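Counting starts at 1 for both ligands and their atoms, in listed order. Model, not experiment: these values are computed from the prediction.
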Amino acid sequence: MLTATQFDRARRLALRLAGIELVERHRALLDRRCRRLGLAEESGIERLLHAAEVEDPAASRRFVGLVTTRFTGWFRHPEHFALAAEHVRRKVEQRGEARVWSAGTATGEEAYSLAMAVIEALCCEDPPVRILATDIDAVALAAAERGEYGERALATLTPARRVRFLAPAAQESRWRLAPAVRRLVEWRHLNLVSAAWHLAGPIDILFCRNVLMYLQTDCRGAVLTRMASLLAPDGVLFLDPAEHLGGAAPLFGPGVNSAHRRPGAPAWRNPSPSPEP
Ligand SMILES: C[S@@+](CC[C@H](N)C(=O)[O-])C[C@H]1O[C@@H](n2cnc3c(N)ncnc32)[C@H](O)[C@@H]1O
């Protein structure tokens with residue numbers, strides 16, 4: 001069990017390294033994760049906290065993995081993917097290309113779902129679209145880049161999409177994403193609260209769903225301000241329906257279906273979501 005002092009140190013570290021706000025109810029969760037990682041002994045967590053505090057890179061990565069939540073899934077809120085793919089289709093028609101960013105992508109399901117939706121909407125296996133997928137958690141990113149999933153992780157993907165976009169992997173009961181889906185996505189480590197993003201706009205579609213809810217209020221506002229400046233004038237930011245823009249609301253126009261655009265962006269030509277294949 002984490003002592004009160006250790007939990008306090010963990011709180012300060014989570015905020016410094018990732019902008020993540022830990023509150024008292026996270027203490028039991030952190031305890032469970034420490035046990036799962038074999039850090040149950042007081043000396044184990046003590047060593048990790050100390051090494052991360054003195055900025056040991058491996059310990060900092062491990063600590064970040066401890067305080068981030070990787071829960072994700074295929075086509076979560078399918079209407080977001082229909083809206084995003086239709087916007088991408090229009091941009092390709094108008095400009096010949098489109099750029100998408102999945103920020104806080106976790107183990108890849110969100111970015112790969114975007115790739116599938118784009119391939120379906122453009123009826124093309126090699127569309128002129130770049131999907132950048134970023135996360136602070138190196139372990140989640142490595143899993144995403146591998147592009148292989150087990151039966152349980154694939155349970156929510158429709159049978160038609162499984163047939164079209166996945167093939168059996170070398171390892172039994174594992175499935176590998178098709179090259180057409182994989183080559184649309186570029187993976188990159190990116191801490192949303194770090195000073196440098198090394199990322200240029202304009203971004204047409206930005207998914208940042210179920211990420212900001214973990215960040216401290218000031219960090220959330222700063223991230224949204226930077227995101228607004230990277231969005232194309234008619235670009236769209238998607239949050240989870242349970243999330244809101246808070247103090248950054250004036251940077252965006254009124255949201256539709258938790259899709260937010262810059263003030264002055266042309267009105268939505270709201271496509272009716274097509275039935276899932
Ligand atoms: C709950 S998952 C959301 C996954 C996906 N966006 C979705 O909605 O299904 C939250 C992700 O945000 C990432 N994250 C948390 N803090 C971050 C930060 N400061 N910078 C970048 N990613 C962060 C976590 O590592 C985790 O993978």
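- For ligand 1, the polar-atom distance check finds an N/O of Ala18 within less than 3.5 Å of one of the ligand's N/O atoms.
- Contacts of Arg209 with ligand 1, taken as heavy-atom pairs under 4.0 Å, involve both backbone and side chain.
- The residue from Val139, Val223, Thr69 that puts a heavy atom closest to atom 26 (C) of ligand 1 is Thr69.
- For the pair Arg9 and Glu46, the salt-bridge criterion is met [side-chain N within less than 4.0 Å of a carboxylate O].
- Heavy atoms of Glu109 found under 4.0 angstrom from ligand 1: none, in either backbone or side chain.
- Neither the backbone nor the side chain of Val64 comes within contact range of ligand 1; no heavy atom lies under 4.0 Å.
- For the atom pair NE2 (His260) and SG (Cys208), the distance works out to 11.0 Å, reported to the nearest 0.5 Å.
- Looking only at heavy atoms of the protein, atom 22 (N) of ligand 1 is closest to Ile136 N, 3.4 Å.
- Side-chain contact check for Ser258 and His80: at least one donor-acceptor pair (N or O, by modelled atom type) lies under 3.5 Å.
- Taking a cut-off of under 4.0 Å to the non-hydrogen atoms of Leu190, the atoms of ligand 1 that pass are 20 (N), 21 (C).
- Contact annotation: for Asn210 versus ligand 1, heavy atoms closer than 4.0 Å belong to both the backbone and the side chain.
- Nearest protein heavy-atom neighbour of atom 7 (C) of ligand 1: Arg76 NH1, 3.2 Å.
- Both Leu231 and Leu199 are members of a single hydrophobic cluster when ILVMFWY side chains are connected at heavy-atom separations under 4.5 Å.
- Looking at Arg16 and Glu55, a side-chain N of the basic residue comes within less than 4.0 Å of a carboxylate O on the acidic one, giving a salt bridge.
- Under 4.0 Å is where a charged nitrogen must lie from a carboxylate oxygen, and between Arg164 and Glu120 no such pair does.
- Among all non-hydrogen protein atoms, the one lying nearest atom 15 (C) of ligand 1 is Thr68 CG2, 3.9 Å.
- For ligand 1 and Thr72, the ligand atoms under 4.0 Å from any heavy atom of the residue are 4 (C), 5 (C), 7 (C), 9 (O).
- Those atoms of ligand 1 with a heavy atom of Gly104 less than 4.0 angstrom away are 3 (C), 4 (C), 5 (C), 6 (N), 11 (C), 12 (O).
- Using 4.0 Å as the threshold, Thr107 has no heavy atom nearer than that to any atom of ligand 1.
- A donor atom on one side chain and an acceptor atom on the other are found under 3.5 Å apart for Glu109 and Thr107.
- Remark: among candidates Leu17, Asp135, Thr105, Ile20, the nearest residue to atom 11 (C) of ligand 1 is Asp135, based on non-hydrogen atoms.
- Results of the salt bridge (charged side-chain N to carboxylate O under 4.0 Å, His left out) test with Asp204 over Arg90, Arg95, Lys91 single out Arg95 as the only residue that passes.
- Those atoms of ligand 1 that come under 4.0 Å of a heavy atom in Asn191, given as number and element, are 18 (C), 19 (N), 20 (N).
- Taking a cut-off of under 4.0 Å to the non-hydrogen atoms of Asp137, the atoms of ligand 1 that pass are 25 (O).
- In this structure, CG in Asp137 is found 10.0 Å from OG1 in Thr69, a value given to the nearest 0.5 Å.
- When heavy-atom distances to ligand 1 are checked against a 4.0 Å cut-off, Ala106 comes that close through both its backbone and its side chain.
- Residue Tyr112 is tested with Phe75, Phe81, Trp187, Trp175 for a ring pair (Phe, Tyr, Trp, His ring centres under 6.0 Å); the sole match is Trp187.
- Between the side chain of Arg188 and the backbone N or O of His198, at least one donor-acceptor pair lies under 3.5 Å.
- For a threshold of 3.5 Å applied to N or O pairs, the pair formed by Leu192 and ligand 1 contains at least one separation below that value.
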